[in-house]
2 protein chains.
Amino acid sequence: MSDTQQNSVQQDYILDEQVGFILRRASQRHLGIFASRIPELTPTQFAALAKLCELGAASQNELGRRTAMDAATIKGVIDRLRKRGLVATVKDANDQRRLFVQATAEGEELFASCIEPAHMITEETLAPLSEKERLMFLQLLSKLL
Amino acid sequence: MSDTQQNSVQQDYILDEQVGFILRRASQRHLGIFASRIPELTPTQFAALAKLCELGAASQNELGRRTAMDAATIKGVIDRLRKRGLVATVKDANDQRRLFVQATAEGEELFASCIEPAHMITEETLAPLSEKERLMFLQLLSKLL
DNA sequence: CAAAATCTATTTGTATACTAATGAATTTTA
DNA sequence: TAAAATTCATTAGTATACAAATAGATTTTG
């Protein structure tokens, strides 16, 4: 038995057992499932589009807040969605700072066509859990926000 | 009551209730906690360093596999750690394809000094849960890998 | 009202993360 | 053993993510 310096420290910290590491791996798996079911949109793009369709419209920053993206991130997301004609933006007449964002007809159509696969993504992500476990898991995960 | 097109679709998909979205937000919270406790390393840099100290040494791709990073990602991480003198790399003599990676003394020291804050990161991340809930949560989350 | 504070969007810079393509080295297999 | 397949590392390209700085617009407050 060769007891190296590493081994003595190893007991103190096992990466594979840490929440953060497991959380990251679970996210990676989910992202993979998402990409296979909805290849035409990234999860963040879909989130922005979904929230936009839910709200009707919003300023860029407001939309970012509602989808957990900071100002810099949501800007890039909206830029890419606009470049593809899925959303449209106009300066807010009542507040010259604000950029008013709206889903286009094409954007709403795409969103509508993604609802079913989106539900399947959720289903597939939670597939390893029983119905009871899913409820418990979502309840506990929601406490960590 | 103005019933817009959005509202009729809204019932079908509530972003804020989807696993993926909650998972992303929980990760964001964890990342924030990590950054506040260990500002000198990113979670992935720390993961690579921790696994390296655990294994003793490994090839770059092997290390990536053990830390859930693909070849392109682990390359960047190792490059940055090397630039800071926390790891050292040498061509593997037995396999000219492999890049042998090792933590330096400085890297091992930094890792050792991060173990306690790292445990506090885990603690703070799970703080909203009771002891029972933590066990249950980790058990369920681990099924989603 | 005017100054201070806040909000909005943008830009720059750094760091994951993944895809796809490449070339070199090694292993497999036919 | 020679060809095929695989592995390893690198590179280029795209897309989050966040920090920090900036400038303009609006709101708050003294």
Side-chain angles (χ1 to χ4, degrees), chain A residues 20-21 23-36 38-49 58-84 86-87 89-101, chain B residues 20-21 23-36 38-49 58-84 86-87 89-101:
Chain A
F21 189 66
L23 212 48
R24 177 162 146 269
R25 296 218 288 139
S27 295
Q28 285 177 334
R29 173 169 165 274
H30 168 74
L31 270 327
I33 292 170
F34 192 104
S36 73
I38 304 183
E40 54 274 77
L41 289 172
T42 65
T44 43
Q45 287 169 359
F46 178 70
L49 192 56
S59 80
Q60 191 174 270
N61 274 15
E62 164 81 359
L63 184 60
R65 255 175 258 124
R66 303 279 208 133
T67 51
M69 302 178 212
D70 67 16
T73 301
I74 191 67
K75 193 216 180 300
V77 173
I78 292 301
D79 281 352
R80 278 166 229 120
L81 288 176
R82 187 181 42 226
K83 209 171 286 179
R84 289 174 55 184
L86 300 172
V87 305
T89 60
V90 274
K91 271 277 184 67
D92 187 327
N94 296 97
D95 189 336
Q96 297 294 336
R97 296 171 301 180
R98 284 195 172 90
L99 193 63
F100 198 73
V101 187
Chain B
F21 189 65
L23 211 48
R24 177 162 146 269
R25 296 219 287 138
S27 296
Q28 285 177 334
R29 173 170 165 274
H30 168 74
L31 272 326
I33 293 169
F34 192 104
S36 73
I38 305 183
E40 54 273 79
L41 289 172
T42 64
T44 43
Q45 287 169 359
F46 178 70
L49 193 56
S59 79
Q60 190 173 272
N61 274 14
E62 163 82 357
L63 183 61
R65 255 175 259 123
R66 304 277 210 135
T67 52
M69 301 179 212
D70 67 17
T73 301
I74 191 66
K75 192 216 182 301
V77 173
I78 292 302
D79 280 352
R80 278 167 229 118
L81 289 177
R82 186 181 43 224
K83 210 172 287 180
R84 289 174 56 184
L86 300 172
V87 305
T89 59
V90 274
K91 272 276 184 69
D92 187 326
N94 296 98
D95 189 335
Q96 296 293 337
R97 296 170 302 178
R98 283 196 172 90
L99 193 63
F100 198 73
V101 188

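Throughout, a chain's letter reflects where its sequence line sits, starting with A, and its residues are numbered from 1. Basis for what follows: all heavy atoms, side chains included, without hydrogens, waters or symmetry-related copies.
Among all heavy-atom pairs drawn from A:V77 and A:M69, the shortest one is CG2-SD, 3.9 Å. Here the closest heavy-atom approach between residue B:N61 and residue B:A71 is recorded as OD1-CB, 3.7 Å. B:V87 and B:I78 get closest at one heavy-atom pair: CG2-O, 4.0 Å. Closest approach of A:A47 to A:T67, counting heavy atoms only: O-CG2, 3.7 Å. Nearest heavy atom pair, residue A:L23 against residue B:S27, reads CG-OG, 3.8 Å. Here the closest non-hydrogen pair linking B:L63 and B:A48 is CD1-O, 3.9 Å.
When the salt bridge (charged side-chain N to carboxylate O under 4.0 Å, His left out) test is applied to A:D79, the partners found at least two apart in sequence or on another chain are A:K75, A:R82. Here A:R24 pairs with nothing under the salt bridge (charged side-chain N to carboxylate O under 4.0 Å, His left out) rule; sequence neighbours left out.
Look at A:Q96 and you won't find any side-chain N or O under 4.0 angstrom from OP1 or OP2 of C:dA9.
Looking only at distances, no side-chain donor or acceptor of A:R25 sits under 3.5 Å from a matching main-chain atom of A:F21. The backbone N or O of B:A68 sits less than 3.5 Å from a side-chain atom of A:Q28, completing a donor-acceptor pair. In terms of modelled atom types and a separation under 3.5 Å, the side chain of B:E62 and the main chain of B:S59 share no donor-acceptor contact.
Residues of residues 67-74 of chain A having a heavy atom closer than 4.0 Å to DNA chain C, listed by number: A:A71, A:A72.
As rounded to whole Å, 17 Å separates atom C1' of C:dT19 from atom CZ of A:F34. Summarising the geometry, the separation between CG on B:N94 and P on C:dT26 is reported as 9 Å, rounded to the nearest angstrom. Atom CD1 of B:I78 is separated from atom C1' of C:dT16 by 14 Å (rounded to the nearest Å). Protein atom NZ of B:K75 is 17 Å distant from nucleotide atom P of C:dC18, rounded to whole Å. Across the protein-nucleic acid pair, B:R80 atom CZ and C:dG13 atom P stand 16 Å apart, rounded to whole Å. Rounded to a whole Å, the CZ atom of A:R29 is 18 Å from the P atom of C:dA17. Note: CG (B:D92) to C1' (C:dA24) measures 15 Å, nearest angstrom.
Toward the 5′ end of DNA chain C lies the nearest nucleotide of A:F100, the other residue of the pair A:F100 and A:R24 mapping further downstream. When the nearest nucleotides of DNA chain C are assigned to A:L99 and A:L31 by heavy-atom distance, the more 5′-ward of the two goes with A:L99. Toward the 5' end of DNA chain D, the nearer of the two residues A:T44 and A:D95, judged by each one's closest nucleotide, is A:T44.
Think of the region where chain B sits on DNA chain D: with heavy atoms and a 4.0 Å cut, that region ends 5' and 3' at D:dT7 to D:dC18.
Rounding to the nearest 0.5 angstrom, the gap separating the OG1 atom in A:T44 from the CZ atom in A:F34 is 8.5 Å. Atom OG1 of B:T89 is separated from atom CZ of B:F100 by 11.0 Å, given to the nearest 0.5 angstrom. Between A:T42 atom OG1 and A:R80 atom CZ the span is 7.5 Å, to the nearest 0.5 Å.
Axis orientation changes by 30° from one end of the helix from C:dC1-D:dG30 to C:dA30-D:dT1 to the other, with each end axis drawn from 5 pairs and the value rounded to 10°.
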Can you check nucleotides 1-7 of chain C for protein contacts, nitrogen or oxygen pairs under 3.5 Å, and list what you find?
residue, atom, partner, partner atom, Å
C:dC7, O4', A:R97, NH1, 3.4
C:dC7, O2, A:R97, NH1, 2.9

